[in-house]
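Comments concern the structure below.
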Amino acid sequence: MNAKSGGTISKELMWPNHINKIPKEIFGDPAIFEMELERIFYGPEWHLVGHVSELPNKGDFKTFDLGRRPILIARGEDDRVRIFYNACTHRGTQVETSTCGNRKSFECPYHQWSFNTEGALVGCPGEKEFTPGFDKANYGLRELRMEQFLGLIFVTSSSEAPPLEEWLGEIAAPLTDILGGDGKLRLLGYHKVIYASNWKAYNDNDGYHAPLLHSAFRMLNWQGGKGRQIATQSGHNAIEAELSLPKGNRFLNDPSLIEFKGADPRQGSRVVQLFPLTVATKHLDTINLRFAIPRSVDATEVHYAYFGLESDSEEMLRHRVRQSSNLLGPCGMISMEDASIFQRVHLGTFTPGNVEFQKGVKRTDEFWSDFKQNDEASFLLKWEHYRKVMDFERRPQA
């Protein structure tokens, strides 16, 4: 390994030569986690932190964390959405503690410095006795670089991140499908959970496992039809699949719970994973964005946010709420096994050796670009991007 910045790991780590092998040490080493914060979460990557439908009105706000850095997302009186570090520019105190709400201004409790919804400092007691030349105009909340894509709010700490649409690349198309084509969404609600798992184990959630791990697919005779995967050099992945509608009469008192009311079953299933931690899905009529935070080397917090379309009827919105409440999330019919498997994957990585990918691996010496719907090999491009960002060197050929 060639550690240029961001910390020193506890021991020398060399990446395996075979491209389908991942060293287990990267999942449980606290020093590597610290490097990931610097190089990935504070580095030149984009991170999904919200959708504009979560802040529909002037003064609406949402708090979140970018790694360990608290951020404040607010819609100003000028109707513009901005992202700030959630820290007073006086002594660094966290300004807002509520997860969401509406404010006319944000006030630091320590010394009552007050900021408007555009982030400007508008009040600070005792100003006449401050440092000579003090000017409130120089002490607004520190604003972060942000861009939007169909209402999705992305943030980066780095000036070196490429323009957002360039960073998304060909993943923009399936992401657009999930967002209903125009991104005009309506927030329905959230599930929030902390998984006892490293963030990489949580996000290594491939298409191979779905019909094998998740009992609901088997019980409801729910099978995906034809489909494909897209994987990019930037570490993004998308699965597009036709939908074979489930038949749940045997197991559900109310089969309408899994009814599909979309216009075309061929557009029934989409999963997009953006490096490093974003997941967006559309299953049946559930539209789900997952905002995730790497809390520590062995804890990952995930906010499952559910949406409908602005054009939905009240009947359709009720239908989406029922599906969203029951299908996905930490205890959903589809995904209830995930919490257990994330932790078991994480614990298993403390044993010696490497993680090995097999399903769909065509060769072990170079990468390729075509993947079947249920291959796990598509994730190897994500791991190669991670390896390069972290500057882990491959082991020399024997």
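Keep in mind that this is a model prediction, so the values were computed, not measured.
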Take Thr63 and Asn86 through the test side chain to side chain donor-acceptor pair (under 3.5 Å) and record every step on the way to the result. CA-CA 8 Å; Thr63 57; Asn86 188 5; 5.4 Å; no
Is Glu54 salt-bridged to Arg75, cutoff N-O under 4.0 Å? no
Sidechain-backbone polar pair: Asn203 side chain, Pro276 backbone, donor-acceptor under 3.5 Å: yes
Is a side-chain donor-acceptor pair under 3.5 Å present for His346 with Tyr202? no
Once ring pair (Phe, Tyr, Trp, His ring centres under 6.0 Å) is applied, do any residues pair with Tyr386, and if so which ones, sequence neighbours excluded? Trp383
Just by distance, no angles: are the side chains of Ser311 and Lys184 close enough, under 3.5 Å, to form a donor-acceptor pair? no
So, Ser234 and His236: side-chain donor and acceptor under 3.5 Å apart, yes or no? no
Is it true that the NZ or CZ of Arg103 lies under 6.0 Å from the centre of Phe61's six-membered ring and within 45 degrees of the ring axis? no
Regarding Asp298 and Asn198, do their side chains bring together a donor and an acceptor under 3.5 Å, going by distance alone? no
Quick one: side chain to side chain contact (heavy atoms under 4.5 Å, CB included) partners of Ser313, sequence neighbours excluded? Glu315, Met316
Decide whether His303 and Glu301 meet the rule of one side-chain donor and one side-chain acceptor closer than 3.5 Å. yes
Could you tell me how the ring of His90 sits relative to the ring of Phe130: parallel (under 30°), tilted (30 to 60°) or perpendicular (over 60°)? parallel
is_close_aromatic(Trp199, Phe41), centroid dist under 6.0 Å: yes
For the residue pair Phe134 and Trp113, does the interplanar ring angle fall in the parallel (under 30°), tilted (30 to 60°) or perpendicular (over 60°) class? perpendicular
